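In what follows, a structure is listed as structure tokens, so that the remarks can point back to it.
The residues of the chain are indexed from 1 along the displayed sequence. For clarity, every value in this text was computed on a predicted model and none was experimentally measured.
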Amino acid sequence: MARIHGRNADLVFNAVALEDELNDITLSFDVPEAEITAFGDTGQNFLAGKVGTKLDIAGSYDGAAAQGDATIFAALGGAAVAWDFEPDGTSGYDGYAFPTSYSIKCPVNGPVSYSASFRHNGGAAAADGALPSRT
């Protein structure tokens, strides 16, 4: 299998391409589990739950273009919007998500940066926990 370089990654949130500001993108899938062990069992038994999807990004703040800042800030507290992440620049994952956190960091004598986390909600109107589409 060929190795893919991260510089080809694309990320679109609410129809705005953010990859030119970003230096880190992490997409994670978590499956909570419930213990279903009964008294007669000889070992622990577990049942997998619904998959949860989280997208974390970090990048350079660009006040002139403000595409990342303006797009993410406008989505805070609102309905889920479309996202598309392509690790190799051609295919990947998409769905609907809402921002769960957004922060701007301004160190003395350092570059201004931002980071945000998004939670996939399964659909534009539904919060059913369905997996993102694999494109």
Using atom types as modelled, flag every donor-acceptor pair under 3.5 Å from a side chain in residues 103-111 to any protein atom, sequence neighbours excluded.
| residue | atom | partner | partner atom | Å |
| --- | --- | --- | --- | --- |
| Ser103 | OG | Ser115 | OG | 2.9 |

Over all atoms of both residues, closest heavy-atom pair of Phe13 and Ala97 | CE1-O, 4.0 Å

Contacts of Ala116 that satisfy side chain to side chain contact (heavy atoms under 4.5 Å, CB included) - sequence neighbours left out = Ile57, Ile72, Tyr102, Phe118

Cut-off 3.5 Å, side chains only: do Tyr93 and Glu86 have a donor facing an acceptor?
-> no

Quick one: closest heavy-atom pair of Trp83 and Asp94, and the distance?
-> O-CB, 3.1 Å

Would you call Leu18 and Val16 a side-chain contact if the rule is heavy atoms closer than 4.5 Å?
-> yes

Taking the side chain from His120 and the backbone from Gly52, do they hold a donor-acceptor pair closer than 3.5 Å?
-> no

Heavy atoms, side chains only, cut-off 4.5 Å: are Leu11 and Leu55 in contact?
-> yes

Sequence neighbours excluded, the answer for side-chain hydrogen bond (donor to acceptor under 3.5 Å, both in side chains) partners of Glu35 is Thr37, Gln44

For Asn23, all residues meeting side-chain hydrogen bond (donor to acceptor under 3.5 Å, both in side chains), sequence neighbours excluded = none

Inspect the surroundings of CZ in Phe73 and state if more than 12 heavy atoms from other residues, nucleotides or ligands are less than 6.0 Å away.
-> no

Stepwise side chain to side chain donor-acceptor pair (under 3.5 Å) check, Asp56 with Ser117 | CA-CA 4 Å; Asp56 295 308; Ser117 293; 2.5 Å; yes

Evaluate side chain to side chain contact (heavy atoms under 4.5 Å, CB included) for Asn121 paired with Phe98, printing each intermediate quantity in order.
-> CA-CA 7 Å; Asn121 84 331; Phe98 54 90; 3.9 Å; yes

Kindly list each side-chain donor-acceptor pair under 3.5 angstrom involving residues 24-32, sequence neighbours excluded, with atom names and distances?
none

Residues that Leu47 engages under side chain to side chain contact (heavy atoms under 4.5 Å, CB included), provided they are two or more places apart | Ile36

With a 4.5 Å limit on heavy-atom distance, are the side chains of Tyr61 and Asp69 in contact?
-> yes

Below 4.5 Å, heavy atoms only, C-beta onward: do Tyr114 and Ser60 meet side chain to side chain?
-> no

What distance do Thr100 atom OG1 and Lys54 atom NZ have between them, rounded to the nearest 0.5 Å?
-> 6.0 Å

